[in-house]
Every structure is written in structure tokens, then in C-alpha cells.
> 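Sharing a structure here in C-alpha cells format.
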Amino acid sequence: MQCADEARRMDESYKPESVELEAREFWQENHTFEVDEDPGKDQFYCLTMFPYPSGHLHMGHVRVFTISDVIARYQRMQGRHVLQPMGWDAFGMPAENAAIKRGVPPAAWTYRNIEDMRGQFQRLGYGYDWRREITTCRPEYYRWEQWLFTKLFEKGLVYRKNSVVNWDPVDQTVLANEQVIDGRGWRSDALVERREIPQWFMKITAYADELLAGLDTLDGWPESVKSMQRNWIGRSEGIELRFDVADGDALGVFTTRPDTLMGVTYMAVAAEHPLAEKAAAGDPAIARFLQECKTMQAAEAAMETMEKKGMPLGMSAIHPITGDAVPLWVANFVLMSYGTGAVMAVPGHDHRDWEFASKHGLPIVQVIEPLDGASIDVREAAFVEHGRVINSGFIDGMTFAEAFAAIASRFEEQGRGRRTVNYRLRDWGVSRQRYWGTPIPIIYCDKCGAVPVPEDELPVVLPEDVKVTGVGSPLKDMPEFYEADCPTCGQAAHRETDTFDTFVESSWYFSRYASYDCNTAMLDERENYWMPVDQYTGGVEHAILHLLYARFFQRLMRDLGLSSADEPFTNLLTQGMVLKDGAKMSKNKGNTVDPQALIEKYGADTVRLFMMFAAPPEQALEWSDDGVQGAFRFLRRFWSAVHANAGTKSVAAIDTANLNDAERELRRKTHQTIEKVSDDIGRRYTFNTAIAACMELINAVNKLPDVSAQSVAVRREALDAVVLLLSPIVPHICHKLWQVLGHSSAPVNAPWPAVDESALQQDSIEIVLQVNGKLRGRLSVPADISRDALSALALADENVDRFVAGKEVRKVIVVPGRLVNVVV
RNA sequence: GCCCGGGUGGCGGAACCGGUAGACGCUACGGACUUAAAAUCCGUUGUCCGAAAGGACGUGUGGGUUCGAGUCCCACCCCGGGCACCA
């Protein structure tokens, strides 16, 4: 007897490892997640931002891939034909750093990491079509990227120009912003210098207006992301005008505030501006200042927070209206690469100009007054809002728009300026002076210049067996790589040794999953079946760069006839970070938790459940070991609740007319839960509240212990529902429990449960009673009660009466189905 | 500095359209079971006053709108993400 009990208990106890293996084998044997194009089916493309193969899975990965997998599995149960692929963003700096540290070539290190991580992903039960796996460092992938670049070259959408990099004078190498710490090289500790070198650019600005307008069509994107992109593109209407400089030079500037033109009291140019260099030639102090400006980081954040410095150049510009002399300064915060490298300064009506003027004792003049006539003093603070023009001669009294038009027309007549649109967005510099990246397919010929590598010579293959030292790219020491014949004239030439920014690979991989094995073109007609991505999920840190570049590439591919979609991602979900002790999990901080160890201890379902339960996906998630334990406990309760109710072979049909109150209430709860979970997973992506609702339902099942046939049937209905509702989140345990409940199908292939509206009906509802907005009582009333009857009942209530107590009732507010508020 | 978020019990969070603040879970405490421990189950758990009934206070800070504000408006403080070569 005891032995039999023991045996049954063993059988019924939850053992994640075997349960999860069984489910995984089922999916694998049935090729469950392998999908091909089927025009008769409603397709759904569910994609996660692919990972960099760092070698170890971290909690951030588990979180984002689980979110996406839950959505994919839910959509599948909705009857959609779901594609969920996976791949590797395999080029990047960490491989070079590992190579320097350990002497392993980046390629070998990367491939090894991919093997390790693929195994970990499979253990987590994600429903990927692994046949479509993409690895960006493989020539069969990047050859198409090289091909695209040569097409863009032909279309004039790429060009070469000088631009600024961080130069480490000791290591003789270019540093990434991340490698500059407090203005010094991370390895050499040398003061980093700004250096201009020729680099390739893609004309993203040619698409600025379209990228901006496209945001209005992205109803499935978070407003915050769209807003960040709008501000990043930074479209502004203004005028471009020319200030003459004393001895024949001219200074072009752009302004969005021509109405403040009479308030210009000085001009500032960048250190690299020709006028600054001209002044420096005759003045050692200016030359020293320009030299000082070179030891400055390229990052905008560093620039904006540094001390604003400047000095007069001893030259003047001529004000285009008054003809007055305006002093010319050089300033470290004006950048040669932004706009014209010069700004007109209006300290009375611009914060930064005001600060600089105050510091250097430059005059501050008021030329705008507030429309409401409020009194202001520009000596105290800049007034930056639009207003009415004053102290400005022919434009006095005008509004912003009137003054803008008047100034623009005058300059256009004089040929001194014109109306124009300016963008904050700059063209995308794609050259990197690094080895581990896609070779830029260009050959430099002394006679023919820069020549794209012809299609039949692609791919330009990156040699993988190299020694990385950290000083320059190994490609520069490999004549077998860089020696080439000019494709045009055939004479000896040399190959570009720079590689692409790794953002280039991630700007089109989503399309390639559809045409993953096509070796005759970048994309084929299958692209049209899957694209655009229905649901894209990834870190909010990619809100601007990656997502903007991908939107740009989508348009490039469209304009080359490779795709018909304007936008690559219809719906976007940005997930928050995983924190521990309030800080981002990172190796540096030593606060990481290894997902692998947890999976071994509790199983994949527990880890998935905790991740989805601890916080809604967009928020930061605080790690908690106790919370993981709690998730495991819940799965055990879930397991035993199902087993406790699975004994009866045949379950009676539910006779809805003959349920007692408790049974009817449990049924209502079952269908309320189906309704809520469908909305939480399908629309709101609030997986935490979906799980909470399922927990409540299981608690309610356990509280209905009656063994009558109808009670058994109602409990089974609830458990059938909850197994299906939780199956996208904890798919392995649900796969097993579905069998335990006597079903021969698998939840992954089952339809999503439907709500029985009649089960939701309620005869009486609870109404809250308030006096002056404070809760004073509750009332159970018929669901269809009239407003007047409700109002009368409320006033008659003794709790309400206690607080009304003879005072005059001024108003009674009735919110049907919710509350009555008596105002006295 | 600029752009975008966030701030609710001891903790993670819930409250979806301005209508019961604290669902669900964790922790802690009390109890049951056990020779014992673990596991499990039951109960309590925002703060203060009160024996209780009940009351007052309470969503970063200060103001405002409203019958009613965690939710809307204004100002401020703190924390996080991004700022173009980390991915």
C-alpha cells in the first residue's frame, strides 16, 4: 500500500527535465516550426533582434526571445502560419578583443560561440525554423551586402568624404567611442585626438523626408520610439544665407530663426573652418586654441557637456541688413561636419548663444517680445519662444511667420540666401578601420579612382586565418588580400581594407530569412510572402540607430526592385533591461545570473515563466532568486491541480442550466480568464497579468472541492482552458499536461480557447458608494438596475446616511455598473 | 547638455478610457502536518489611532483642474536608455 502510494507520488511529481525533453522531441520529430510559403494561409512573421554571439546566453537574451516566442506561439494558436527564424549578428569588436586577449582568430572564436549558444536556445524551447539560420560573417550572406553597395554606388547613393575619428596616437589606431575613457585610449591611456580620414557614406539624408513621413504610418510602433526618430531626423525649415567677411571671404549659415536676425551680435565657426585656419596662420594663440580643439572626443554627449570655449579671430562679418561689423569667433562646440561649420549667434533668443555671450562679455540684444506683452529681460535669460519682432527696422511688429517671409524674400531677391529645409540627420558613415567585418567592395586605381568590385568577382572574401594585434587591421599587412587589378583598366591597384559598420548587416537580415538559401540573388519572391515583419521585438536601446538604418535599407531594397514593402516592421515591441540590485546585469559589475545554471536546476519553463511574470515587457525587470523559486512552485501547483483532476476517464457534459452557484461562478471565472488572457497576450503584451489571471483561476479550481459530476466537469473545463492559455509561456509542461487531461492532440497545434459569452452573464453586481468622493460602503444590486433606482438605494444606505447626516445633498453622481458618489 | 522613458507596501508589480489604490507573486510572521528538517497546506501582512466597530493618512516633491486624480495640467527632484565607431 505504502509502496503503491509512493510510486504514484513519484509518477505525479513534476520533473521538468524529462517533461521538457519529451516536448522538445515532439516538436523536432514533427518539424513543428519549419514553415514554407503557403499562399492559402494567413502568414505571421515574428522576429527578434538577432543576437551578437558573445558565447554565453545572458538573461537579457532569455527575456527578449521568450517574449517573441510567446507571441509566435499565441499567433499560431490563432490559426496563423507563423515564421520565427534565428540567426547571428556575427561581426563586431568583441571578437577582435577576444583575439587580442587569447590569440584565437575572430572567426574561430565566433563560430565556436554560435555552436554553444544555439544549444542553449534549443534547450529553452523556442519555436524557430532552424533551417533558415543566418550567420552574417559567412560570405554567402555578406556577398549580397557587397553587391547592394555596388548598386548604390552606381545610383550615386554612396560617396567618400573626410570625417572625424578618435585617433589613438600611441597605438596608431582608430578607437570606437566606447574605447575612449575620459578622453584617453583604453589600452594606451594616451590622450585621444580628432583626426579626419576619408570614409564611405550612405546617403540616408536623401530619404530623410520619407523616413519622417513613414513614421505616421507605423501605428504598431510605440509613440516614444517614433518620437525619438522624429527628433533624430530633426527636420527644420529655415533660411540659408551668406554673411560677407571683410576681405572678400564669405560665411554661409543656416538659421530657423530669421526673425531674430537683427539680434546677431557675433558669429562662431568650427576649429577646422578655413577662416579659423586663416586667422591661426597669423596668430599663435589662435593656432594653439585650434590645436587644443583637436584633443576632443567625437561623441556628441562629450561635446555638449564639455566646457564651451572660444576666442575671437580678429575678423568681422558684415551684417547683411544693417551693414554693421559682427565679430567672428572660433568655438569648440561648432562642428565642421554639421551644416556649414558656422553659426550666427543671437544670445538674446538662444540658450547656448546666451551662455557663451555672458561668459565672454559679448552684447545681448532683445529683438523679440512676448505676444502676451509680459515683460522680460534678456540680460537675465534668453527668451527663446516665438513672439513679436522689435528693434529690427523694417520687420518691426511682425510675427515669426511674417518676419520669416519678409527676410527670406529680401535675401532671395538679393541672391544672398534662400528658403531651405535642414535636417539634424547626417549621412551614415559606414567605413570602419577594423578587420572583423564585411570588406567594402572597392578597388582604388591611380588612374580610374575608386571602382566598385564587379558582380562576378563578388564576394570579396574576408580571410579568416589571421593574427590580430590590436594595432591596425591585419588586412593592411596581407598583400594577397589588398593587391588587385583595376576592374576598369586592368592595371595594378589596391583593394579597400576598411570594413562595413556592423549595423549594415543588421539592416537587411530580416528580409534574408525569407530567401535564406537563395544563391542567385539577394532576395527572391519568397520575400514578398513574409515581409514586412508582423512583430519585431528587441531592446529599446536600438530605438534610433538600428531601427532607422533598417527602415532606410528597406527603402533602398524597394527602390532596387527587391521588395515591395515601404516599412520593414509593422509592429514593434521594445523590451526593457534585466537588472539585479537596481543595476544592469553585466560582467563588469559582477551581478550576472547564468541562465544555464537555472535551466538545469528548475527547467526552461520556470525561467520562461519568471521572466514573463516579473514585469511587463517594456519595463526594466528586477531579478529575484526568490521569484524564480516562486515560479517553480507555481508550476508544481499547476502540475498537481491537473493531476488531481485527471483521474476520471469520462467527464460529464456541462449542463449549464443545472449548475449550483459555486459551479456557475467557477465557469464565469474560466471564461473571464480566457477573455482577459487573450487580450493580455494578443493585444496588450502584458504577460504578467495574463499569468496572474491563470494563477487566480487555478486557485479557484482548488477551492471547488465538490466531487459531483458537474463540479468535475466544470473544473476540467477550467483546467483545459488554463493549459492552453499558458502553453505559449510554458510550452513544455503544457504539452505534457494536455495529455494528462486526456487529449491526443498537442497544445502547439490546438486552437486558442473561445469565450462562452453566456457564461459571463451576472445577475447581481457590486456598486461602490461614495460620499464626497470617499468610499463609504458597497451595495449588491441587480445588474440591470436603473440609474434612478440605484441613486435611491444609495441615498437610503445607512453607511451613506451616516456621512450625509442632515447635510444638504448637492449632487448625486451615478456611474452605471461602478459607483454612486453623493456630494454634500 | 539635448531627445525618450520611469518613480505605487518590506520586494517585483496590479489598477487598460478620470471612478473601490495595492490584483497576482515574493518575503516575513503565526498555525497545521512531521521524531525532525525540507516540501506542502491554512491564516496574517501599506502606515498610524482603536479592544473592536470604525476612522485618519497614503502612489517621488510642491501647486492646480475635477463631485472624484496613481491616472490630466504646471513647476521641480531623482533614476534609466539613446546621442551617430558597443551591439
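Letters go in sequence order (proteins before strands), and every chain restarts at 1.
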> Please report, rounded to the nearest Å, how far the P atom of B:G13 is from the CZ atom of A:Phe687.
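Distance check: A:Phe687 CZ to B:G13 P gives 16 Å.
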> Considering only heavy atoms and no angle criterion, is a donor-acceptor pair shorter than 3.5 Å present between the side chain of A:Asn821 and the base of B:C67?
yes
> Answer with yes or no after comparing the ring centroid distance for A:Tyr549 and A:Trp428 against a 6.0 Å cut-off, counting only values under it.
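Here the rings of A:Trp428 and A:Tyr549 have centres that are less than 6.0 Å from each other.
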> Both A:Thr502 and A:Ser227 contact RNA chain B. Taking the nearest nucleotide for each, which residue is further toward the 5' end?
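Counting from the 5' end, the first nearest nucleotide belongs to A:Ser227.
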> Measure from the side chain of A:Arg778, starting at C-beta and using heavy atoms only, and say which of B:U20, B:G55, B:G25 lies closest.
B:U20
> Less than 6.0 Å separating the ring centroids of A:Tyr509 and A:Phe50?
yes
> Rounded to whole angstrom, note down the P distance from B:C33 over to B:U27.
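About 23 Å, rounded to a whole number of Å.
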> Mind checking whether A:His546 and A:His542 have parallel, tilted or perpendicular rings, split at 30° and 60°?
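Perpendicular: the ring planes of A:His546 and A:His542 meet at over 60°.
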> Does the gap between the ring centers of A:Phe333 and A:Phe356 come in under 6.0 Å?
yes
> Report yes if a donor N or O on one partner sits less than 3.5 Å from an acceptor N or O on the other, where the partners are the side chain of A:Arg683 and the base of B:C16; otherwise report no.
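Between B:C16 and A:Arg683, which were checked side chain against base, a qualifying N/O pair under 3.5 Å is present.
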> Quick one: which of A:Tyr52, A:Tyr142, A:Phe500 gives a side chain to side chain contact (heavy atoms under 4.5 Å, CB included) with A:Phe91?
A:Tyr142
> Between A:Ser780 and A:Glu766, do the side chains contain a donor N or O and an acceptor N or O under 3.5 Å apart?
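Not at all, the side chains of A:Glu766 and A:Ser780 share no donor-acceptor pair under 3.5 Å.
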> Can you check the distance between B:G5 and B:G9, where both ends of the measurement are the C1' atom (answer in whole Å)?
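My reading of the C1' atoms in B:G5 and B:G9 gives 24 Å.
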> Would you kindly compare A:Ile197 and A:Thr689 by the position of their nearest RNA chain B nucleotide and give the one closer to the 5′ end?
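Upstream on the strand: A:Thr689.
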> Using a 4.0 Å heavy-atom cut-off, does A:Met49 contact any base of the nucleic acid, only the sugar-phosphate backbone, or nothing at all?
nothing
> In whole angstrom, give the distance that lies between atom CG of A:Leu697 and atom C1' of B:C24.
13 Å
> Select one nucleotide: of B:C85, B:A84, B:G12, the one nearest the side-chain heavy atoms of A:Glu622.
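Looking only at heavy atoms from C-beta outward on A:Glu622, the closest nucleotide is B:G12.
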> Under a 3.5 Å cut-off for both contacts, is B:C11 paired Watson-Crick or G-U wobble with anything, and if yes, with which nucleotide?
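B:G25 - that is the nucleotide pairing with B:C11, both distances being under 3.5 Å.
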> Rounded to whole angstrom units, what separation is found between the CD atom of A:Glu766 and the C1' atom of B:U20?
8 Å
> Return the pairing partner of B:A56 with a 3.5 Å limit on both distances, Watson-Crick or G-U wobble; otherwise return none.
B:U47
> Heavy atoms under 4.0 Å, any strand shown: does A:Ser624 hit a base, just sugar-phosphate, or nothing?
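No contact.
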> When we call it a touch if two heavy atoms are under 4.0 Å apart, what does A:His546 touch: a base, just sugar-phosphate, or nothing?
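Nothing, no nucleic acid heavy atom in range.
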> Suppose you measure atom C1' in B:G25 against the same atom in B:C2; what distance do you get, rounded to whole Å?
40 Å
> In whole Å, what is the span from the CD1 atom of A:Ile691 to the P atom of B:A23?
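It works out to 17 Å between those atoms.
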> Can you tell which of B:A56, B:C85, B:A14 lies closest to the side chain of A:Arg776?
B:A56
> Answer with base, sugar-phosphate or nothing: what part of the nucleic acid does A:Gln770 contact at a heavy-atom distance below 4.0 Å?
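A:Gln770: base contact, heavy atoms under 4.0 Å.
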> Would you mind telling me which of B:G5, B:G82, B:C85 lies closest to the side-chain atoms of A:Val174?
B:C85
> Look at A:Glu622 together with A:Lys580 and state whether they make a salt bridge at an N to O cut-off of under 4.0 Å.
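No, this pair does not count.
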> Applying a 4.0 Å non-hydrogen cut-off, can you work out what A:Lys584 is touching in the nucleic acid: base, sugar-phosphate, or nothing?
nothing
> Measuring only the P atom in each nucleotide, how far is B:C79 from B:C86? A whole number of Å is fine.
24 Å
> Mark yes or no for a side-chain to base donor-acceptor pair under 3.5 Å between A:Gln229 and B:C4, with no hydrogen or angle criteria applied.
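No.
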> In whole angstrom, give me the gap between the C1' atoms of B:G43 and B:U66.
41 Å
> Between B:A69 and B:G18, how far apart are the two P atoms, rounded to whole Å?
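B:A69 and B:G18 have their P atoms separated by 14 Å.
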> Between atom CG in A:Leu775 and atom P in B:A69, what is the gap in whole Å?
14 Å
> Give none if B:G1 has no partner; otherwise give the nucleotide forming a Watson-Crick or G-U wobble pair with it, both distances under 3.5 Å.
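For B:G1, the partner nucleotide comes out as B:C83, under the 3.5 Å rule.
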> Is the gap between the ring centers of A:Phe610 and A:Trp623 under 6.0 Å?
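Judged by ring-centre distance (under 6.0 Å), A:Phe610 and A:Trp623 do meet the cut-off.
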> Just the rounded figure in Å: distance from P of B:U40 to CZ of A:Phe634.
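After rounding, the gap between these two atoms is 14 Å.
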> Between A:Trp232 and A:Tyr423, is a ring-ring contact (aromatic ring centres under 6.0 Å, His included) present by the stated rule, with each step listed?
CA-CA 9 Å; A:Trp232 184 263; A:Tyr423 298 93; over 10 Å; no
> Mind checking the C1' distance from B:U8 to B:U47? Whole angstroms is fine.
14 Å
> Below 4.0 angstrom from OP1 or OP2 of B:U40, is there any side-chain N or O of A:Arg637?
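Checking B:U40 against A:Arg637, no side-chain N or O comes under 4.0 Å of OP1 or OP2.
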> Measure the distance from CD on A:Glu618 to C1' on B:G6 and round it to the nearest whole Å.
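Atom-to-atom, A:Glu618 to B:G6, this comes out as 12 Å.
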> How far, in whole Å, is B:A23 from B:A14 if one measures between their C1' atoms?
5 Å
> Can you check the A:Leu335 CG to B:C83 P distance for me, whole Å?
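Taking atom P of B:C83 as the reference, CG of A:Leu335 is at 16 Å.
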> With a 4.0 Å cut-off on heavy atoms, is A:Pro51 in touch with a base, just the backbone sugar-phosphate, or nothing at all?
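The residue A:Pro51 makes no contact with any strand.
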> Quick one: which of B:G13, B:A84, B:C85 gets closest to the side chain of A:Arg432?
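Side chain of A:Arg432 sits closest to B:C85.
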> Where the side chain of A:Leu819 is concerned, which of B:G19, B:G1, B:G13 is the nearest nucleotide?
B:G19
> Where does B:C16 land, syn or anti, once you apply the within-90°-of-0 test for syn?
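Base orientation: anti.
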> Just checking A:Phe803: base, sugar-phosphate only, or nothing, at a heavy-atom cut-off of under 4.0 Å?
sugar-phosphate
> Once you apply a heavy-atom cut-off of 4.0 Å, does A:Val768 come out as touching a base, just sugar-phosphate, or nothing?
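Base: the residue A:Val768, judged by heavy atoms under 4.0 Å, touches a nucleobase.
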> Regarding B:C85, can its base be found pairing with the side chain of A:Gln433 as donor and acceptor, where the two atoms are less than 3.5 Å apart?
yes
> Could you please name the option among B:C83, B:G12, B:C16 that lies closest to any side-chain atom of A:Asp680?
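Nearest nucleotide to the side chain: B:C16.
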> What does A:Ala543 touch in the nucleic acid at a heavy-atom separation under 4.0 angstrom: a base, only the sugar-phosphate, or nothing?
nothing
